[in-house]
Number of protein chains: 2
Amino acid sequence: MKGKIFIIEDEASIVQLVQHNLEKEGFIVSSSLNGNEGLKELKKFEPNLLLLDWMLPDLSGIDVCKNIRRDSNFKSLPIIMLTAKGEEEDKIKGLESGVDDYITKPFSFNELHARIKAVLRRSDPKVVANELIYEDLKLDRIEKRVFRSDNEIQLGPTEFRLLEFFLINPKRVYSRDQILETVWPNNVNVESRTIDVHIRRLRQSINIEGKKELIRTVRSSGYSLI
Amino acid sequence: MKGKIFIIEDEASIVQLVQHNLEKEGFIVSSSLNGNEGLKELKKFEPNLLLLDWMLPDLSGIDVCKNIRRDSNFKSLPIIMLTAKGEEEDKIKGLESGVDDYITKPFSFNELHARIKAVLRRSDPKVVANELIYEDLKLDRIEKRVFRSDNEIQLGPTEFRLLEFFLINPKRVYSRDQILETVWPNNVNVESRTIDVHIRRLRQSINIEGKKELIRTVRSSGYSLI
DNA sequence: TCTTAATGTTACAGAAATATTACAAATTAA
DNA sequence: TTAATTTGTAATATTTCTGTAACATTAAGA
């Protein structure tokens with residue numbers, strides 16, 4: 001799935017054309033013909049990108065935009081604004097109010113598609129920034145959450161640190177001593193076998209629904225993340 | 001004007017490169033090669049964002065960071081930390097001491113630029129927005145009112161500031177120390193356990209009519225708004 | 001195959017962290 | 001000033017986590 005796109009645009013012909021073409025490209029698309037309703041539906045739909053007409057019957061594009069940026073669930077939702085020729089003034093206002101890109105009507109679908117790809121690509125890195133990812137395993141250091149294939153996994157503090165440690169250098173094998181030194185607070189004395197128990201707990205937590213084992217035992221050496 | 005950016009970094013070549021590119025992008029940039037002086041100049045300059053090297057000749061990045069977060073004029077200044085490869089340990093500390101994002105040297109300017117935009121956009125609402133919204137929770141900073149699903153909720157001053165703080169960066173986990181530093185007036189000494197009690201009061205107030213819990217306890221780390 | 005060392009598994013008691021409650025002091029409103 | 005509200009803390013209850021020991025299983029060489 002390439003992503004979900006929401007369209008707010010009052011010209012039905014444009015909506016139809018764009019929606020059809022985007023769906024053909026593999027996007028999931030939903031749309032609304034006016035601002036107020038659009039805002040509500042959009043928040044239910046949770047798109048990855050919004051195509052927003054600047055001249056709507058009820059709300060102005062700016063109002064829609066501001067509303068979205070105020071809502072913390074959507075404040076980083078990429079927005080491409082659709083503007084009629086000659087609305088240069090508005091373009092500037094648009095960019096100032098947090099729009100990511102704009103395109104002037106009439107536009108070709110190819111042009112729009114290119115912009116969408118660019119904006120989606122640009123907006124990607126911010127998602128990655130604080131996340132450690134390995135295969136279908138994701139650990140968010142800021143939110144302190146762990147996911148396996150998008151299912152959230154509950155970990156105790158030690159298991160969290162342990163997994164964080166493995167994720168920094170996947171595939172690398174660490175001895176029990178190395179693990180102890182890094183994962184446990186300094187000056188703490190714990191039995192080396194204690195690590196085995198925590199490894200077991202971590203394994204149990206992240207090996208959900210029969211997914212493949214992610215922690216490898218290297219006999220006489222230690223453990224590694226696959 | 002896109003914004004003002006201050007750089008504290010001791011490698012002159014990096015400063016020069018980044019400063020030049022940022023200025024070309026339309027930012028106003030100023031910089032310093034060491035921590036102590038940097039702190040002074042920064043406070044005069046009043047930037048919208050700080051790029052902070054983690055290994056400085058005089059002060060550590062953590063010290064600079066703490067100093068900034070203690071100063072009520074700058075405690076919400078977004079900070080992106082520049083770290084050398086392999087300083088993973090420090091990254092963790094950095095994120096815990098209130099840094100917004102980090103980037104590992106060497107980095108491309110495009111990468112940095114993307115991070116800057118993301119952080120600036122994320123941090124934008126906290127300066128401007130009168131209303132902070134998260135799911136069915138709404139806090140009006142001007143009218144000092146809080147609503148859950150359109151029902152007004154009465155909060156004491158401390159609970160109000162606490163909720164406001166959480167709403168600025170929902171989902172992010174904050175330690176008790178970070179909460180204390182930001183939510184309580186400077187130089188006030190309160191027991192760290194006191195926060196638990198205020199969390200309890202806040203929870204009790206906003207969890208109306210059996211709606212779902214909105215404050216998450218992250219054992220050994222702190223609390224977050226879901 | 002047998003032996004042995006290494007690792008896996010389990011259960012549990014204490015420890016640590018957090019939740020809850022009550023109350024007195026401090027602050028604010030009336 | 002009195003009454004009402006808000007705050008911080010300490011004491012207690014509850015929950016969750018940790019480390020260890022005891023026993024089970026596995027792998028690899030003799």
Side-chain angles (χ1 to χ4, degrees), chain A residues 144-146 152-166 173-208 210 212-226, chain B residues 96 144-146 152-166 173-207 210 212-226:
Chain A
K144 307 266 182 202
R145 288 178 191 274
V146 174
E152 181 163 7
I153 287 167
Q154 231 54 46
L155 293 183
T158 304
E159 278 70 53
F160 186 92
R161 293 197 308 276
L162 190 56
L163 179 58
E164 185 179 19
F165 173 65
F166 279 124
V173 178
Y174 291 99
S175 70
R176 291 185 174 65
D177 279 347
Q178 287 175 310
I179 294 173
L180 261 188
E181 268 183 31
T182 318
V183 176
W184 267 256
N186 293 330
N187 329 323
V188 177
N189 248 36
V190 290
E191 209 57 43
S192 141
R193 295 301 317 281
T194 298
I195 290 169
D196 301 28
V197 178
H198 282 283
I199 289 282
R200 148 100 172 135
R201 287 170 181 156
L202 180 55
R203 275 176 166 153
Q204 214 159 27
S205 304
I206 67 180
N207 288 359
I208 53 167
K212 79 164 177 186
E213 180 66 51
L214 282 180
I215 292 175
R216 176 170 59 121
T217 303
V218 182
R219 190 164 246 256
S220 83
S221 294
Y223 298 96
S224 81
L225 187 62
I226 284 296
Chain B
E96 278 168 358
K144 305 271 179 200
R145 287 170 188 275
V146 174
E152 182 161 6
I153 286 167
Q154 231 52 46
L155 292 182
T158 304
E159 278 70 53
F160 186 91
R161 291 199 309 277
L162 190 55
L163 180 58
E164 184 179 17
F165 173 65
F166 278 125
V173 177
Y174 290 98
S175 69
R176 292 188 174 66
D177 279 348
Q178 288 176 312
I179 294 173
L180 262 188
E181 273 185 22
T182 316
V183 175
W184 267 256
N186 290 330
N187 328 323
V188 175
N189 248 35
V190 289
E191 210 56 42
S192 140
R193 305 255 97 241
T194 298
I195 290 168
D196 301 28
V197 178
H198 283 282
I199 289 282
R200 150 113 170 124
R201 287 170 182 154
L202 180 55
R203 275 176 167 153
Q204 221 158 22
S205 305
I206 67 179
N207 288 359
K212 79 165 176 185
E213 180 67 52
L214 282 180
I215 292 175
R216 173 171 62 123
T217 303
V218 182
R219 189 166 244 253
S220 85
S221 293
Y223 298 96
S224 80
L225 187 63
I226 283 294

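Remember, predicted model here, so these are calculated numbers, not experimental data. In what follows, every chain begins at residue 1, and chains take the letters A, B, ... in the order their sequences are listed.
Nucleotides of DNA chain D nearest to B:Thr158 and A:Val188 differ in position, and the one nearer the 5' end is that of B:Thr158. Residue-to-nucleotide proximity on DNA chain C shows that, of A:Val218 and A:Gln204, the 5′-proximal contact is made by A:Val218. Comparing B:Leu155 and B:Ile195, the nucleotide of DNA chain D nearest to each residue sits closer to the 5' end for B:Leu155.
Between B:Phe160 atom CZ and D:dT7 atom C1' the separation is 18 Å, expressed in whole Å. Nucleotide C:dT18 holds its P atom 7 Å from the CG atom of B:Asp196, rounded to whole Å. Between the C1' atom of C:dA17 and the CZ atom of B:Arg176 lies a distance of 8 Å, rounded to the nearest Å. Atom CZ of A:Arg219 is separated from atom P of D:dA28 by 6 Å (rounded to the nearest Å). Separating the CD1 atom of B:Ile215 from the P atom of C:dA19 is a distance of 10 Å, rounded to the nearest angstrom. A straight line from CZ of B:Arg161 to P of D:dT6 spans 13 Å, rounded to a whole angstrom. Note: CD (B:Glu191) to P (D:dG8) measures 11 Å, nearest angstrom. The distance between atom CD1 of A:Ile199 and atom C1' of D:dG19, rounded to the nearest whole Å, is 15 Å.
The aromatic rings of A:Trp184 and A:His198 sit perpendicular, their planes meeting at an angle over 60°, well past the 30° parallel limit.
Listed nucleotides: C:dG8, D:dG19, C:dA16. Nearest to the side chain of A:His198: D:dG19. When distances are taken from the side chain of A:Val197 to each of D:dA21, C:dT7, C:dT20, the shortest belongs to D:dA21. Closest to the A:Arg201 side chain, of the nucleotides C:dA11, D:dT6, C:dT20, is C:dA11.
A donor N or O paired with an acceptor N or O is not found under 3.5 Å between the base of C:dT18 and the side-chain atoms of B:Arg200.
For C:dT18, one of the phosphate oxygens OP1 or OP2 lies less than 4.0 angstrom from a side-chain nitrogen or oxygen of B:Arg193. Residue B:Thr217 places none of its side-chain N or O atoms closer than 4.0 Å to OP1 or OP2 of C:dT18. The phosphate of D:dT18 (OP1 or OP2) has no side-chain N or O of A:Trp184 nearer than 4.0 angstrom. Distances shown here put a side-chain N or O of A:Arg203 below 4.0 Å from the OP1 or OP2 atom of C:dG8.
Within 4.0 Å (heavy atoms only), A:Thr194 reaches at least one base atom of the nucleic acid. Counting any heavy atom pair closer than 4.0 Å across all strands shown, A:Tyr223 reaches sugar-phosphate atoms only and no base atom. Looking at heavy-atom distances under 4.0 Å, A:Glu159 makes contact with sugar-phosphate atoms alone, never a base. In this structure, A:Ser220 reaches the sugar-phosphate backbone alone: every heavy-atom distance under 4.0 Å involves primed, P, OP1 or OP2 atoms, never a base.
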request  = Start with the C-alpha gap between B:Arg161 and B:Phe165, add the side-chain angles, then the distance that decides, and say whether side chain to side chain contact (heavy atoms under 4.5 Å, CB included) holds.
outcome  = CA-CA 6 Å; B:Arg161 291 199 309 277; B:Phe165 173 65; over 6 Å; no
key: Step-by-step side chain to side chain contact (heavy atoms under 4.5 Å, CB included) determination, B:Phe166 to B:Ile199   = CA-CA 11 Å; B:Phe166 278 125; B:Ile199 289 282; 3.9 Å; yes
Criterion side chain to side chain donor-acceptor pair (under 3.5 Å) on A:Ser221 and A:Arg176, from CA distance to verdict = CA-CA 8 Å; A:Ser221 294; A:Arg176 291 185 174 65; over 6 Å; no
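Separation of atoms CD1 (B:Ile215) and CG (B:Asn207) is listed at 7.5 Å; rounding is to 0.5 Å.
Under 3.5 Å, the side chains of B:Thr217 and B:Arg203 contain a donor-acceptor pair of N or O atoms.
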